[in-house]
There are 2 protein chains.
Amino acid sequence: MATPDPGASDPQTPDPQTPDPQRPGFLLPLLLLAGFRTLIDDLHAELARQGHAELRPLHGFVLQAVGAEGTTASELGHRLGVSKQAAGKTVDRLVALGYLERVDDPHDARRKLVRLTPHGLDGLHRSAVIFDELRQRWVAILGAERVAALEDDLRTVTPANWFRLDVPGWFAG
Amino acid sequence: MATPDPGASDPQTPDPQTPDPQRPGFLLPLLLLAGFRTLIDDLHAELARQGHAELRPLHGFVLQAVGAEGTTASELGHRLGVSKQAAGKTVDRLVALGYLERVDDPHDARRKLVRLTPHGLDGLHRSAVIFDELRQRWVAILGAERVAALEDDLRTVTPANWFRLDVPGWFAG
DNA sequence: TAGCTTGGTCAACGTGGTTGACCAAACCGT
DNA sequence: ACGGTTTGGTCAACCACGTTGACCAAGCTA
């Protein structure tokens with residue numbers, strides 16, 4: 001690593017030229033990511049202001065996936081599209097933060113129910129409210145039709161199974 | 001293709017079927033993320049088909065950020081919005097994969113230029129082509145005006161500095 | 001009862017990020 | 001010319017989030 005590498009001559013290009021034409025395809029994913037991250041960043045800035053500074057970007061979706069009724073780690077992994085081990089580790093972290101709790105299932109000694117604590121329920125409700133406010137901010141800027149069209153268009157070009165809408169608990173509370 | 005989902009995206013239509021009030025704000029970030037990930041997944045499926053199975057989702061943007069002229073790890077971190085250490089580790093991985101190379105800067109013994117190898121250039125060009133094709137696929141589904149409107153709207157609601165358009169090398173080929 | 005399936009956990013590892021510390025080279029003001 | 005500051009790169013430790021594979025206890029079923 002410390003050995004200098006000879007042979008590199010004339011890497012200097014004082015004239016920054018753009019040889020290729022514009023690639024519009026590169027912008028689309030960036031804009032989608034920017035829109036997503038803008039919402040997420042604003043959400044967590046506001047959540048931190050409201051006493052939930054510990055919540056990481058992913059956690060809100062996990063709380064949403066757990067839902068008011070609770071689930072198991074395996075089912076949670078299925079809902080989130082990750083392995084049960086990954087879901088279990090995420091649950092561990094949220095338990096340590098006080099957002100989730102594990103309780104034994106009296107009907108099945110293998111299962112351990114994952115439930116929202118009051119703190120977790122509070123965070124989930126606040127997330128929903130803040131997301132609604134952020135969407136309203138977009139509506140105020142773009143107009144309701146444009147935002148609705150944006151959502152409709154994205155729903156159209158997105159595989160239907162992306163959201164696992166078949167799984168109960170999503171987007172219902 | 002577009003499955004009409006009554007009440008899911010229209011806050012003006014009351015849907016007595018759902019117990020809780022609709023939280024439209026939750027859908028917006030998910031749809032944006034779904035659109036982004038759909039593009040990225042399709043890109044990498046196609047890249048793998050074209051001999052770039054090793055490229056991970058992030059790497060295309062890194063290659064784009066490096067650009068044809070090359071940069072340093074610090075500058076790369078600035079462009080990507082991460083620390084110079086993180087950028088350095090990402091460069092390490094891409095060097096190991098044969099997409100980037102490090103050469104000493106003869107004008108400044110501290111700097112180590114990061115440049116695309118021919119393999120990296122090939123991957124970058126293929127990414128650009130595939131992204132363009134994916135955007136064309138969206139245009140075929142939604143129409144050119146809707147896709148353009150979607151991009152315009154996202155640009156409007158996104159902080160201007162998100163893309164670091166001031167930094168040379170971005171989106172210029 | 002025997003055997004398969006399911007839910008949870010542990011271990012090892014990979015990727016992508018962070019801070020803090022440190023060093024050498026470059027820059028700059030006296 | 002010297003000495004202090006800035007800059008570029010690296011190392012180390014750590015964290016979040018994901019993967020496979022192995023394993024075990026409990027439940028289900030032929």
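Computed from a prediction, not measured in an experiment: that's the story for all the values here.
- Looking at which nucleotide of DNA chain D each of B:Ala73 and A:His59 is closest to, the 5′-most match is held by B:Ala73.
- Note on B:Thr72: only backbone sugar-phosphate atoms sit closer than 4.0 angstrom, heavy atoms only; bases stay farther off.
- For DNA chain C, the outermost nucleotides in 5' to 3' order that have an atom under 4.0 Å from a heavy atom of chain A are C:dT6 to C:dA12.
- Every residue meeting the salt bridge (Lys or Arg N to Asp or Glu O under 4.0 Å) condition with B:Arg110, not counting sequence neighbours, appears here in chain and number order: B:Asp108.
- For the pair A:Asp104 CG and D:dA25 P, the interatomic distance rounds to 16 Å; values are reported in whole Å.
- Rounded to an integer number of Å, the gap from B:Arg37 CZ to D:dG18 C1' is 11 Å.
- The residue from A:Leu100, A:Thr90, A:Val114 that alone fulfils the side chain to side chain contact (heavy atoms under 4.5 Å, CB included) condition with A:Val95 is A:Leu100.
- In this structure, B:Phe61 and B:Phe131 have tilted ring planes: the angle between them lies in the 30° to 60° band.
- Taking atom CD on A:Gln85 and atom P on D:dG18, their separation rounds to 12 Å, with Å as the unit.
- Where A:Lys89 and A:Leu113 each meet DNA chain C at their nearest nucleotide, the meeting point lying more 5' is that of A:Leu113.
- Each of A:Val103 and A:Val91 belongs to its own hydrophobic cluster when Ile, Leu, Val, Met, Phe, Trp and Tyr are linked at side-chain heavy-atom distances under 4.5 angstrom.
- Across all strands, A:Arg93 comes closer than 4.0 Å to base atoms (heavy-atom distances).
- Contact annotation for A:Ala86: base contact, defined as any heavy-atom pair under 4.0 Å involving a base atom.
- The ring-ring contact (aromatic ring centres under 6.0 Å, His included) test with A:His52 is passed by exactly one of A:His44, A:His119, A:His125: A:His119.
- In the hydrophobic clustering of this structure, A:Leu121 does not group with A:Leu113; members are Ile, Leu, Val, Met, Phe, Trp, Tyr whose side-chain heavy atoms approach within less than 4.5 Å, directly or through other members.
- Put simply, NZ on A:Lys112 is 13 Å from P on D:dA25, counting in whole angstrom units.
- Between A:Ala109 and A:Ala87, the residue anchored closer to the 5' end of DNA chain D is A:Ala87, taking for each the nucleotide with the nearest heavy atom.
- We find that A:Arg79 and A:Glu75 are joined by a salt bridge, their nearest charged nitrogen and carboxylate oxygen being less than 4.0 Å apart.
- Atom NE2 in B:His78 sits roughly 15 Å away from atom C1' in D:dG8 (whole-Å rounding).
- In this structure, CZ of B:Arg102 is placed 12 Å from C1' of D:dG8, rounded to the nearest angstrom.
- Residue contacts shown for A:Ser74 are limited to sugar-phosphate atoms, with no base heavy atom under 4.0 Å away.
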